[in-house]
Amino acid sequence: PGNFTKEDGLGSNSFWSTLEAKDGKIWLGSYEGIDVYDPQTETVRHLDEKQGMVNSWAPRLKEDSHGRIWVCGGILGVSIIDPAKETIQQLTSKHGLATDTISSIVEDKNGLIWMGGSKGEILIVDLENHVFKHSVQTKDNPKTQNNVLKVDGGNQIWVGTLGSGVQKIDPKTSTRVWLSSKEGLISDQILSLTVDDKKNIWAATLLGVEKIDYAQKELTPFTSENGLVTNDVYDIIAQKDEIYAGTSKGLTILKTVGQTKDSLPHWEVRTIGKQQGLEYVDFAENSFSFNKKGRLWAGVEGQTVTVMNP
């Protein structure tokens, strides 16, 4: 693995989001702005409020189908960066957002942008048509703090919360289904979500990993008893037929290889930690991304960005 820090020209050592854009540039988000690394020229460009961002906080990055980078995670709104036009647009409550505290952003199959607010708000933005919609929690819904959003192959929106488990939203019908510890979920504190190639949802929690097969109504936990290096998992990402779980003690890679005699899944597990050459092993929440060459980028321990071929 390779590590990159301020000594290599970055604006920070502590990164919470990584992203390879369609043009091949690597975007690295921190609380001190964004560094954009160009592999062709091996140069780094730094962006923050001086260049027009709403503020320097950039712990969450999302590229949309138009090639724009959406930046959120702070309390002052959203920045929308268009690399092709070299423009930065600010999107805040002054422009129609229901809240400025946005924790996560995804784009659905219809090109609509979904945002999760810190107090349970769900926002839908159609930027091209200047349409803003939102819903807030009611007395009938659990009090929740949205943390991470993902969209699955069926265009269902999955929301991982801090305290209320997971909710699934159907954009067509606007119906919501909640999954929490009451339904058997391993934890209600969801730190990260990913969707695998079989349309399963995987949730990272402080008590281990949960595979959610919603079609079959099956919840499958994966903990240290099954080979996870430790139970506190801060990031999770699916790549091909493997699941990568970033913990405080290293990277555990797992995949299902058949079933046991009692129909339980049989896991193939390996862990990459200090013994395998990692200098830092405590992975940052929601910082994972794979580039086109299959390399994993991740923030680690507030000390560096690590790049590896796992």
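Residue indices begin at 1 and follow the sequence shown. Keep in mind that what you see is a predicted model, and the values were worked out from it rather than measured.
Within the structure, the salt bridge (charged side-chain N to carboxylate O under 4.0 Å, His left out) test picks out no pair touching residues 88-103 (sequence neighbours left out).
The cluster map of Ile, Leu, Val, Met, Phe, Trp and Tyr, joined by side-chain heavy atoms under 4.5 Å apart, puts V148 and V151 in different clusters. F222 and L219 sit in two unconnected hydrophobic clusters of ILVMFWY residues. Membership requires side-chain heavy atoms under 4.5 Å apart, directly or through other members. W158 and L185 fall within the same hydrophobic cluster, where Ile, Leu, Val, Met, Phe, Trp and Tyr residues are linked whenever their side-chain heavy atoms come under 4.5 Å apart, directly or through other members. Transitive grouping of hydrophobic side chains (ILVMFWY, heavy atoms separated by less than 4.5 Å) brings L251 and Y280 into a common cluster. Both Y214 and V195 are part of a single hydrophobic cluster, where members link through side-chain heavy atoms under 4.5 Å apart.
When atom types are taken as modelled, the side chain of E301 and the backbone of F283 share no donor-acceptor pair closer than 3.5 angstrom. Looking only at distances, no side-chain donor or acceptor of S224 sits under 3.5 Å from a matching main-chain atom of N231. Under the 3.5 Å distance criterion, the side-chain polar atoms of S287 are matched with a main-chain donor or acceptor of G299. Side-chain atoms of E183 come within 3.5 Å of backbone atoms of S180 as a donor-acceptor pair (strictly under, hydrogens ignored). Judged by distance alone, the side chain of N110 and the main-chain N or O of L112 form no donor-acceptor pair under 3.5 Å. Under the 3.5 Å distance criterion, the side-chain polar atoms of S103 are matched with a main-chain donor or acceptor of G116. The backbone N or O of E42 lies less than 3.5 Å from no partner atom in the side chain of D38, so there is not a single donor-acceptor pair. When atom types are taken as modelled, the side chain of Q145 and the backbone of T161 share no donor-acceptor pair closer than 3.5 angstrom. When atom types are taken as modelled, the side chain of E210 and the backbone of I186 share a donor-acceptor pair closer than 3.5 angstrom. At distances below 3.5 Å, not a single donor-acceptor pair connects side-chain atoms of T304 with backbone N or O atoms of T5.
In the model, N286 has no side-chain atom that pairs as donor or acceptor with a side-chain atom of W16 under 3.5 Å. A donor-acceptor pair shorter than 3.5 Å can be found between the side chains of S181 and D188. S135 and R176 share a donor-acceptor pair across their side chains, judged by distance under 3.5 Å alone. T306 and N3 share a side-chain donor-acceptor pair at under 3.5 Å. At a cut-off of 3.5 Å, with distance as the only test, a side-chain donor of D232 or S248 sits close to an acceptor on the other residue. Counting only N and O atoms by type, the side chains of D282 and Q303 include no donor and acceptor under 3.5 Å apart. In summary, the side chains of T252 and T271 do present a donor paired with an acceptor at a separation below 3.5 Å, with no hydrogens or angles considered. When only modelled atom types and interatomic distance are considered, D235 and S192 share a side-chain donor-acceptor pair under 3.5 Å. With 3.5 Å as the limit, one finds no donor-acceptor pair spanning the side chains of D35 and Y37.
Within the 4.5 Å cutoff, the side chain of V71 has heavy atoms near those of the I34 side chain. For the pair V78 and W70, the minimum side-chain heavy-atom distance is below 4.5 Å. Between I169 and I122 there is a side-chain heavy-atom pair separated by less than 4.5 Å. E268 is not listed as a side-chain neighbour of L254, based on a closest heavy-atom distance of 4.5 Å or more. Side-chain atoms of H134 and I124, non-hydrogen and from C-beta on, never get closer than 4.5 Å to each other. At least one side-chain heavy atom of L10 sits less than 4.5 Å from a side-chain heavy atom of L28. Between V36 and I26 the shortest side-chain heavy-atom distance does not fall below 4.5 Å. E128 has its side chain within reach of H66: a pair of non-hydrogen atoms, C-beta onward, lies under 4.5 Å apart.
If you take CG on L191 and CD on E285, they are separated by 4.5 Å, rounding to the nearest 0.5 Å. To the nearest 0.5 Å, atoms OG1 (T43) and CD (Q40) are separated by 10.0 Å. Atoms CD1 and CG, from I201 and D213 in turn, are 10.0 Å apart once rounded to the nearest 0.5 Å. Taken to the nearest 0.5 Å, the OG1 atom of T99 stands 7.5 Å off from the NZ atom of K119. Considering CD of E20 and CH2 of W27, their distance stands at 13.0 Å, rounded to 0.5 Å. Atoms CD1 and OG, from I102 and S118 in turn, are 8.0 Å apart once rounded to the nearest 0.5 Å.
Scanning all heavy atoms of the two residues, the minimum distance from I243 to A238 falls at CD1-CB, 3.7 Å. Of all the heavy atoms in S164 and T144, the pair that sits closest is OG-CB, 3.4 Å. A pairwise comparison of heavy atoms in G11 and K6 identifies O-CE, 3.5 Å as the closest pair. Nearest heavy atom pair, residue V233 against residue A245, reads CG1-CB, 3.9 Å. The shortest heavy-atom contact between R295 and N291 is N-OD1, 2.8 Å. The two residues L76 and V54 have their closest heavy-atom pair at O-CG2, 3.0 Å.
Each of F290, F288, W297 was evaluated against Y244; a single residue qualifies, F290, per the ring-ring contact (aromatic ring centres under 6.0 Å, His included) test. Among the candidates K168, K172, K150, the single residue satisfying the side chain to side chain donor-acceptor pair (under 3.5 Å) test with Q156 is K168. Among the candidates N146, L179, I190, the single residue satisfying the side-chain contact (heavy atoms from CB on, under 4.5 Å) test with Q167 is N146.
Residue K292 places its NZ atom among more than 12 non-hydrogen atoms of other residues, nucleotides or ligands, all under 6.0 Å distant. K22 NZ: more than 12 foreign heavy atoms inside a 6.0 Å radius.
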Please test I157 against D108 for side chain to side chain contact (heavy atoms under 4.5 Å, CB included), starting from the C-alpha separation and ending with a verdict.
CA-CA 8 Å; I157 309 298; D108 71 14; 4.1 Å; yes

Stepwise side chain to side chain contact (heavy atoms under 4.5 Å, CB included) test for Y234 and L206:
CA-CA 7 Å; Y234 298 94; L206 295 177; 3.7 Å; yes

T205/Q189 under side chain to side chain contact (heavy atoms under 4.5 Å, CB included): CA gap, chis, key distance, verdict
CA-CA 6 Å; T205 82; Q189 301 278 342; 5.6 Å; no

Under the criterion side chain to side chain contact (heavy atoms under 4.5 Å, CB included), I'd like the reasoning laid out for D126 against K133: C-alpha separation, chi angles, the key distance, then a yes or no.
CA-CA 9 Å; D126 181 349; K133 300 178 181 179; over 6 Å; no

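Taking the charged nitrogens against the carboxylate oxygens, K25 and D23 do have a contact shorter than 4.0 Å, which makes a salt bridge. Remark: D241 engages K255 in a salt bridge, criterion side-chain N to carboxylate O under 4.0 Å.
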